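Remember, it's a predicted structure, so these values are computed and weren't measured experimentally. Numbering starts at 1 and runs along the sequence shown.
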Amino acid sequence: INVFNNCPDECLKFLSSKVNPYQASIHKKRLALTPDLSENAAKLLAKDNYRWVREAVASNKIITNKIFTFKRRLSKQ
């Protein structure tokens with residue numbers, strides 16, 4: 001069972017505060033790559049101190065689709 005698929009924001013807060021930062025970053029990267037990442041979780045992970053977590057968020061298909069949609073809207077204005 002992949003517990004990261006439905007991980008609430010509290011899980012991110014726990015990883016940020018209670019776990020060794022390096023070890024937490026590995027779990028945050030896995031979370032950032034899940035296909036059903038929530039927008040709130042993406043915002044929190046995009047501000048992470050570890051580059052690989054931020055890159056994982058940026059490479060998530062949900063986030064890239066939102067960026068392309070946003071760019072299309074801007075180009076139509």
Taking all non-hydrogen atoms of both residues into account, name the closest pair between [X] and [Y] and its distance.
X     : Y     : value
Pro21 : Tyr50 : O-CE1, 3.5 Å
Val57 : Ala42 : CG1-O, 3.8 Å
Trp52 : Tyr22 : CZ2-CE1, 3.8 Å
Leu31 : Leu37 : O-CD1, 3.7 Å
Ser25 : Val53 : O-CG2, 3.4 Å

- Query: Between Arg54 (side chain) and Lys47 (backbone), is there a donor-acceptor pair under 3.5 Å?
  - Reply: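 Judged by distance alone, no pair lies under 3.5 Å.
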- Message: Could you check whether any side-chain N or O of Asn60 sits under 3.5 Å from a backbone N or O of Pro35, counting only pairs where one atom can act as donor and the other as acceptor?
- Response: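 Looks like no, no N/O pair under 3.5 Å.
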- Item | His27 side, atom NE2; Asn20 side, atom CG - distance, nearest 0.5 Å | 9.5 Å
- Item | Leu33: side-chain contact (heavy atoms from CB on, under 4.5 Å) partners, not counting sequence neighbours | Lys29, Ala56, Ser59
